[in-house]
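Input: a single structure, listed below in structure tokens.
Remember, it's 1-based here, ligands and their atoms both numbered in the order they're listed. Since the structure is predicted, the reported quantities are computational estimates derived from the model, not experimental observations. Below, all heavy atoms of this structure are taken into account, side chains as well, without hydrogens, waters or symmetry copies.
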Amino acid sequence: MRYSLLSLFALAAVACCPQGEVNQAADQWTDAEIEAKINEILPQLTLEEKVALCHAQSKFSTPGVPRLGIPELWYSDGPHGVRAEINWDDWGYAGWTNDSCTAFPALTALAASFNLDLSADYGKAVAEEALYRKKDVMLGPGVEMYRTPLCGRNFEYMGEDPFLASKMCVPYIKAMQEQNVAVCVKHFALNNQEQWRTLVDVHVSDRALRELYLAPYEAAVKEGGAWSIMGSYNLYDGQHCCHNKKLNDILRGEWGFDGCVVTDWGGATNTIEAANNGLDIEMGTYTNGFTESAKFAYDDYYLAKPYIKALKEGTVKMETLDQKARNILRLMFRTNMAKNRKRGCMGTKEHFQTALNVAREGITLLKNDGAILPLDPNTTKTIAVIGENATRSTLGGGSSELKGLHEISPLDGIRAAFPKANVIWSMGYGSGPECYGRVAPSPYNADSLFTEAVKAAKQADIVLFFGGLVKAYQQDMEGGDRIQYGLPFGQDELINAILDVNKNVVAVMISGNAVAMPWIDRLPALIQGWYLGSEAGNALADVISGKVNPSGKLPFSFPVRLEDNAVHSFGEEVVYPGVEKDSYREEYKEGIFIGYRWHEAKGIKPLFPFGFGLSYTQFEIADAQLSQDNLSEGDVLAVTATVKNVGSREGKEVVQVYVGKKDSRVERAPKELKGFAKVSVPAGSQQQVKINIPIKSLAFFNEDANAWEVEKGEYTVFVGNASDNITAQLPLNVKD
Ligand code: GLC
């Protein structure tokens, strides 16, 4: 019998990741078994072997113990999928032909989906591809708070709200680690910008630190059980975060973290601090001396020879080394020395389906005047697809870059979804190629691109403009921040010129950040499209053609002007990006007021608020009720509501529950997200949702007591479908 190539591929795909039920518990070492094995191995290791475990041997691996058959550990970027293979001792790609992956949507899109199940699907799929690529530790997810719209890496993170990021990262973590692949949650901590990222010294109130910046890491450790965490390049209170005593005391002392702290690459700066402040694994940017950077080879790393010297001199205790070795061996027994570890698979139809599902549910409809959307898939009209982002690849962005097995561009997607339409394409504007650390000039003639695009718009019945940012330096890319809030490459002028000649314009912003939108009042329809990876074009076309009803909600606010954002309202470099002349000191003067917390506390209306997203149908949230309105700290409040679909088609809605306290003895944001539920409701039907909120989760961090405290007294529970669309306000009393 002759198999077609496709059926062989499909067979292989299914064979690689058998979907049968695996009883995880029985098939894995128990914690007790792991500790017993560690106790058995540790005394057999020489000092040099233990120290070798603690630092890189190549760009993305640390040694095992060959003598004892203990394998080396392999790490790979990134949060959105398994990066193509990098050379042993330089940052070049190895040029493999079997390392093309499923490029999943950026985590901003996952956050925008508000869908916990999709987060689990995402983590599992990336883990399966990591297993196939023989990677033990995946360097993600990123959970840093969105503090400024200029941060180059916001696209890798999950927005401005600590509760959303906390909830959305946990299923991803659990699902990945169920496959015996470790997450490495990053970048711990306060890595909220790329400008001077290895130098900036962050000073922040304990309340903001705990309630905002550490919250997702606490969830990742305590709820997700993260097996490793990545220290960030920056400093906190004058000490590098990769070996920061205060952060380590919280991480291990309070949260009980038993995993490994891994530096960001080149993030270690001091042997004594690294020894004593909980750093386990030092990764690096330098090589082992065979190439130009021989001056700082792997054996010269802070946790290499200098550590051996310090141990032998007694300036650091041997116990610090044994603890590191224990943590690293534990990581190995959970990953590359786990029982029954699966083989994984790459680029399967299931993985691409997951990428499509996340993209579909992350896409956020922000404006749809006159219901211009969705477009009729059978239209024979002329559709002008304009904008470089209609064809630009998902490549770029820095370490989260992926070589997708395939990428469906928005232009591809539109052409497939509107087979009878006359689809014309015009680039409109052009950016340069992504280069690390510098802006590559655009090779295009901007004027001719502009002229051609306006001509195309003039002859079209409708324009689909794909603009936004690109994953290039000083845009959405690691290693630099944006230098302007507005769109680059003359897009504002182009959008206005298009609107001058055609009223039917749908703009799709492909970006990981908010941007200024001076043309918004003239624009009938706007979609926030995110970086959606392999299935981008299919997902965007599904929404534009109405095959999918959009259900995304913004994970961060879109300020009208940059100055409306908390950080930039101060207009002080000490607030952002730090003071170069003062050892890059930066003070988070906005405290707990970032994002919608700031906008609502100051009464500054954003262009689009946190939690906002439209649908092609209409929902009503009714009958919101509290299980009880007088509870104590150990209780769980149940908030119920009915979601009615009063429109003409099925849709998904995200019920959001915020809680505020007016007469608090400490300053507070007017309200904070404390619960959400996403639900699908057929047209004309209704669905009940129930959202449980532990009263403990209402605690604020009492700086004087250095402890969490649930303040007693009156609260207000806000129920709605966006931070600025609250349909019920219910009183709640928290009693002694
Ligand atoms: C980079 C990034 C980090 C990445 C690591 C390895 O500098 O900050 O997110 O995982 O190095 O590429």
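Here the options are Asn234, Asn277, Asp201, Thr269, the test is side-chain hydrogen bond (donor to acceptor under 3.5 Å, both in side chains), and the partner is His240; only Thr269 passes. Among Leu107, Leu139, Val126, Val185, the one residue that satisfies the side-chain contact (heavy atoms from CB on, under 4.5 Å) test with Pro79 is Leu107.
Looking only at heavy atoms of the protein, atom 7 (O) of ligand 1 is closest to Tyr233 OH, 2.8 Å. The shortest contact between atom 1 (C) of ligand 1 and any protein heavy atom is with Glu478 OE2, 3.0 Å. In terms of protein heavy-atom proximity, atom 11 (O) of ligand 1 is nearest to Asp264 OD1, 3.1 Å.
Numbered from 1 in the order shown, with element, the atoms of ligand 1 that lie under 4.0 Å from a heavy atom of Asp77 read 4 (C), 6 (C), 10 (O), 12 (O). Near Ser399, meaning under 4.0 Å from any of its heavy atoms, are these atoms of ligand 1: 2 (C), 3 (C), 4 (C), 9 (O), 12 (O). Distances below 4.0 Å separate heavy atoms of His187 from the following atoms of ligand 1: 3 (C), 8 (O), 9 (O). Listed by atom number, the atoms of ligand 1 under 4.0 Å from Arg197 heavy atoms are 7 (O), 8 (O). Ligand 1 places these atoms under 4.0 Å from at least one heavy atom of Leu139: 10 (O).
Contacts between Arg83 and ligand 1 below 4.0 angstrom, taking non-hydrogen atoms only, involve the side chain exclusively. For Arg153, every heavy-atom contact with ligand 1 shorter than 4.0 Å involves the side chain, none the backbone. Only the side chain of Lys186 comes within contact range of ligand 1, with a heavy atom under 4.0 Å; no backbone atom does.
Atoms CZ and CG, on Phe114 and Leu164 in that order, are 4.5 Å from each other to the nearest 0.5 Å.
Between His406 and Phe352, the ring center distance clears the sub-6.0 Å criterion.
Between the side chain of Trp530 and the backbone N or O of Leu110, no donor-acceptor pair lies under 3.5 Å.
A cation-pi geometry, defined here as NZ or CZ lying under 6.0 Å from the six-membered ring centre and within 45° of its normal, does not hold between Lys403 and Tyr93. Geometrically, Arg147 does not engage Tyr576 in a cation-pi contact defined by less than 6.0 Å to the ring centre and at most 45° from the axis.
Every N/O-N/O distance between Trp91 and ligand 1 stays at or above 3.5 Å.
No more than 12 heavy atoms of other residues, nucleotides or ligands shown are found within 6.0 angstrom of NZ on Lys174.
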